[in-house]
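Since this is a predicted model, take the numbers as computed values, not measurements. In this chain, residues are counted from 1 in sequence order. Atoms considered below: every heavy atom in the structure, side chains included; atoms not considered: hydrogens, waters and symmetry mates.
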Amino acid sequence: MKLFQIKKDERKQVFILFVQFFAVVATSITGSTARDAFFLNLFDRSYLPLMFVAIAVTMVIVINVYKRVTAGRDIIQVMTIGGAIFAATLFIIQISLSRLFTMFAAGESINDLPEKWLIPFLFVFMEVIVSLSILQFWMLAGEVFDARQAKRLFSVLGAGGSVAGILAGYSLKPFVKLFGSEKLLYLTIFFIGLYVIMGILIKKYREPEDTGKKKPVSESKENKTTFKFDPYLKSIALLIGLAAFISKIIDYQFKMTAVQAFPIQDDLVGFFGTYYMATGAATIFMQIFITGIVLARFGILAGLLFLPISLAFGTSGFLMIPILASVFMAKFSDQVFKFSINNAAQEILWLPVPK
């Protein structure tokens, strides 16, 4: 444990949260693969750009409602109830889509089936599940570890996501071979259950909250009055917004090119599994051997430049040679650098910003 700077009394907490983040990312991989495969094979692909717009609008609404509903509530209680709702909804969707899958396999028309509209709903709903789960996880991790511990241990917890990329991606092919891609949501439900169980297990390790202490009036007024959307925050917002914009364009190119190369749903799921496995392995390599060295020796700017430079090369390659291999490299760079060195550099950018 010396290699990872984990102290003896932190091992249980780190293990539980590591497994929980593994479950979060595995939920994202299996659920996103299912929703992408279902949409690209069973729905009109021309609606894919509208799905990205629908996700953006939905997340704005969901986050605002989530903040109001969960204000003052225990994060583990919210996590447990939310996980139960997510799992139950996915189970209903899985059962409801069974007739659609059967008719599609038999070569019958599915255009008039009302169940067909569950596919775009699933596309947006999976984004809600993943976004809220990640938000809840890091909020919970912040209650378990203080700021000093977080600097040592959060990178270890983040590695759980990379391990999930490798193992969940690798498991997609044998799962599809045994059960078929149409049963993939059951695997997603399993990982949601694992996520909730780990949340319950970590409950006793949280730092006690100072509920009896009130902040001084001067401090509370200061927090309300000093926050301004200053140029520094505008720069961060612009940085994140541009990266998200480019990422969605690459994601669209990647999915449309992939479904043309793999028109059979099971083959498409297998390809996505290989992609997630490769990006998981590369992300672990970046987290262990590259990120720390680059940030320590060359600074934050160098860390932030990795992603835009790699995206520029990747997208240029796709413009010159619009084949799966070139867009794969663009998507690969986006996934690997975003969730390793770029995220680490952005976390440092947030340090001077009030919580």
Original post:
What do the steps show when you test Q265 against S181 for side chain to side chain donor-acceptor pair (under 3.5 Å), and what is the final call?
Top reply: CA-CA 7 Å; Q265 183 168 291; S181 57; 2.9 Å; yes
Subject >> Atom OH of Y170 with >12 non-hydrogen neighbours under 6.0 angstrom >> reply: no
Original post:
Hey, are K255 and D251 close enough for a salt bridge, meaning a charged N less than 4.0 Å from a carboxylate O?
Top reply: yes
Original post:
Hey, does the Lys NZ or Arg CZ of K116 hover above the aromatic six-ring of F43, less than 6.0 Å from the centre and inside 45° of the axis?
Top reply: yes
**OP:** Assign the ring pair F285 / F289 to parallel, tilted or perpendicular, where the plane angle (0 to 90°) is split at 30° and 60°.
**Re:** tilted
**OP:** Starting from L242, walk the hydrophobic network (Ile, Leu, Val, Met, Phe, Trp, Tyr; side-chain heavy atoms closer than 4.5 Å) and list everyone else you reach, by chain and number.
**Re:** L238
Original post:
Any luck finding a side-chain donor-acceptor pair between Q335 and Y276 under 3.5 Å?
Top reply: no
Subject >> ring-ring contact (aromatic ring centres under 6.0 Å, His included) pairs, two or more places apart, involving residues 297-316 >> reply: F306-F337
**OP:** Can you spot which of V196, I200, L194 makes a side-chain contact (heavy atoms from CB on, under 4.5 Å) with M198?
**Re:** L194
Original post:
Relative to the ring of F254, is the ring of F328 parallel (under 30°), tilted (30 to 60°) or perpendicular (over 60°)?
Top reply: tilted
Original post:
Taking atom CG of D112 as the centre, does the number of heavy atoms from other residues, nucleotides or ligands within less than 6.0 Å exceed 12?
Top reply: no
Cut-off 3.5 Å, no hydrogens considered: what does the side-chain donor-acceptor table look like for residues 76-89, sequence neighbours left out?
unit_1	atom_1	unit_2	atom_2	d
T80	OG1	I76	O	2.8
T89	OG1	I85	O	2.7

Original post:
Are any non-hydrogen side-chain atoms of I341 and M286 less than 4.5 angstrom apart?
Top reply: yes
**OP:** List the steps and the verdict of side chain to side chain contact (heavy atoms under 4.5 Å, CB included) for T188 and L185.
**Re:** CA-CA 5 Å; T188 306; L185 287 182; 4.3 Å; yes
Subject >> Between S162 and T283: side-chain donor-acceptor atoms closer than 3.5 Å >> reply: no
